[in-house]
Amino acid sequence: MTTTAVRAAAPRSKRTPRTRSRSDWRGWIFAGPFAIVFTLVFLAPLVYALGLSLFRDQLIGGTVFVGLDNYIAALTDERFWNGFLRVLVFLVVQVPIMLGLALAAALAIDSARLHATGFYRIVIFLPYAVPAVVAVLMWGYIYGDQFGLTSNLNDLLGGDVVQPFSSQWILVAIGNIVTWEFVGYNMLIFYSSLKTIPSELYEAASIDGAGAWRTIFSIKIPAVRGALVIATIFSIIGSFQLFNEPNILQPLAPNIITTFYTPNMYAYNLSFAGQQYNYAATVAIIMGIITAVIAYVVQLRGSRQEQR
């Protein structure tokens, strides 16, 4: 058979370039709305903030292009680094405590020894359903040394024993609020992951004589490792974005919680109180880059451990 005959016998594709082009555009009908919203909500503000960070408003000359001068100034700004170190300490201390409590609650609810698990699940998750502003105002009333529960405790103890708004305890007080708010959220993530464990693993562990603690450390905790990585990443992002709690508590402790208490508060006050939009955009971009890098490193290490 000749080459010409082979080519003649081969089936021809029914899809012409014009048909392929139509099918490609048909896919954009489904992806287009998301692409438009993503561009308007995420990319456009990011590009605008990057543009703002490269300029500076001056009394003489107006808005001028300064290149990376704003970034150099921010990286040498003592106020920025004070706020950054504060949220870093908050992250290192508060996140492990919060995730540990959430994991313990998920394991307890998942165990067969706890009765009324639905009730406990709702009670633990309920604080997350409370709006953040309402939660902080409620705890602010509890922390007040002139009113509320703290004042009553100090009257009972006969002195200023409990002082949540002191410089030594204010970060602990904020960490307590954040932990109270998000333990239920993380508990639900861990609990959902525990429910995906096949029952055959529990049966095999029971046949091998594994007890409750052995089952937890050998089956349950390894099974929630992926969920733990996700919860850690979300918690890292939330810690570096710390804003609501200190900003709402600031009127109650104005001498302790400064306008640059966290990087987000610093950027907010630079923009809305100081009218320094360019420098505020620079601080926000630097924090975004730092947060993205740390979150990526945690995700990478978690993925490697999960593959092992």
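Positions are given from 1, in the same order as the sequence printed here.
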Close side-chain approach of Glu181 and Trp139, heavy atoms under 4.5 Å
no
Q) Do the side chains of Val293 and Leu85 join up, straight or via other hydrophobic residues, at under 4.5 Å, putting them in one cluster? A) yes
- Message: Measuring only between side-chain heavy atoms, which start at C-beta, is Leu88 closer than 4.5 Å to Leu91?
- Response: yes
Phe55, Leu52: one ILVMFWY side-chain cluster at the under-4.5 Å cut-off? no
Here the pair of heavy atoms bringing Ala74 nearest to Ile286 is CB-CD1, 3.6 Å
Shortest non-hydrogen pair, Ile109 vs Tyr120, comes out as CD1-C, 4.2 Å
Mark yes or no for whether Asp110, through its side chain, and Lys195, through its backbone, hold a donor-acceptor pair below 3.5 Å.
no
Fill in: Side-chain donor or acceptor of Asn269 paired with backbone N/O of Thr259 under 3.5 Å
yes
In terms of heavy-atom contacts, Pro263 and Phe80 come closest through CB-CE1, 4.2 Å
(request) On the 0 to 90° scale, with breaks at 30° and 60°, tag the Phe240-Phe84 ring pair as parallel, tilted or perpendicular. (result) parallel
>> Ignoring hydrogens and geometry beyond distance, is a side-chain donor-acceptor pair present between Tyr202 and Thr215 at under 3.5 Å?
In response: no
ILVMFWY network linking Phe34 to Phe42, side-chain heavy atoms under 4.5 angstrom: yes
Point to revise | Any donor-acceptor N/O pair, Ser271 side chain to Tyr268 backbone, under 3.5 Å | key: no
Value for CD1 (Ile177) from CD (Gln94), rounded to nearest 0.5 Å, stands at 11.0 Å
Measure the shortest side-chain to side-chain distance between Trp81 and Leu75 over non-hydrogen atoms and say whether it is less than 4.5 angstrom. yes
Interatomic distance, OG@Ser218 vs CG@Leu201, rounded to 0.5 Å, equals 11.0 Å
d(Ile289 CD1, Ile294 CD1) to nearest 0.5 Å is 12.0 Å
- Does Tyr128 have its ring centroid less than 6.0 Å away from the ring centroid of Phe182? yes
To the nearest 0.5 Å, atom CG of Leu171 lies from atom CZ of Phe90 at 6.5 Å
Would you check, one step at a time, whether the test side-chain contact (heavy atoms from CB on, under 4.5 Å) holds for Asn176 with Tyr143? CA-CA 11 Å; Asn176 178 61; Tyr143 287 156; 2.9 Å; yes
Looking only at atom types and distance, does a side-chain atom of Ser167 sit under 3.5 Å from a main-chain N or O of Ile256, one as donor and one as acceptor? no
Between the CD1 atom in Ile236 and the CD1 atom in Ile290, the distance rounded to the nearest 0.5 Å is 13.0 Å
- Message: Using a 3.5 Å distance criterion without hydrogens, assess whether the side chain of Asn186 forms a donor-acceptor pair with backbone atoms of Leu99.
- Response: no
inquiry  = Using side-chain contact (heavy atoms from CB on, under 4.5 Å), reason through Val87 and Asn264 one step at a time and then give a plain yes or no.
reply    = CA-CA 10 Å; Val87 296; Asn264 270 9; over 6 Å; no
Of all heavy-atom pairs linking Thr196 and Ser192, the shortest is CG2-O, 3.5 Å
So does Pro246 get a backbone contact from the side chain of Tyr261, meaning a donor-acceptor N/O pair under 3.5 Å? no
Can you check side-chain contact (heavy atoms from CB on, under 4.5 Å) on Tyr71 and Ile285, steps first, answer last?
CA-CA 9 Å; Tyr71 290 91; Ile285 290 172; 3.5 Å; yes
**OP:** Determine whether more than 12 heavy atoms belonging to other residues, nucleotides or ligands lie under 6.0 Å from atom CZ of Phe234.
**Re:** no
Assigning hydrophobic clusters by single linkage (Ile, Leu, Val, Met, Phe, Trp, Tyr; side-chain heavy-atom cutoff under 4.5 Å), is Phe272 placed with Tyr277? no
Subject >> Under 3.5 Å donor-acceptor, Asn154 side chain and Val161 backbone >> reply: yes
Interatomic distance, CG@Asn244 vs CE@Met265, rounded to 0.5 Å, equals 10.5 Å
May I ask you to check whether over 12 heavy atoms, not counting those of Phe65, lie within 6.0 Å of atom CZ? yes
task = Test Ile216 against Ile221 for side-chain contact (heavy atoms from CB on, under 4.5 Å), laying out the working first.
result = CA-CA 6 Å; Ile216 289 174; Ile221 292 181; 3.9 Å; yes
- Item | Tyr48 OH: over 12 foreign heavy atoms closer than 6.0 Å | no
Heavy-atom nearest pair, Ala227 first then Ser193, reads CB-CB, 3.8 Å
Quick check: do Thr262 and Arg86 have side-chain heavy atoms less than 4.5 Å from each other? no
Scanning both residues in full, the closest heavy-atom pair of Glu245 with Ile174 reads CB-CG2, 3.8 Å
Counting distance only, does the side-chain N/O of Asn82 pair as donor-acceptor with the main-chain N or O of Glu78 below 3.5 Å?
yes
Is the closest side-chain heavy-atom distance between Met187 and Arg121 below 4.5 Å?
yes
| message | Could you tell me if the side chain of Phe165 sits less than 4.5 Å from the side chain of Thr150, heavy atoms only? | response | no
Between the side chain of Thr282 and the main-chain N/O of Asn278, is any donor-acceptor distance below 3.5 Å? yes
**Donor-acceptor pair, side chain of Gln250 and main chain of Ile257, under 3.5 angstrom** = yes
Shared ILVMFWY cluster between Val66 and Ile72, side chains joined below 4.5 angstrom?
no
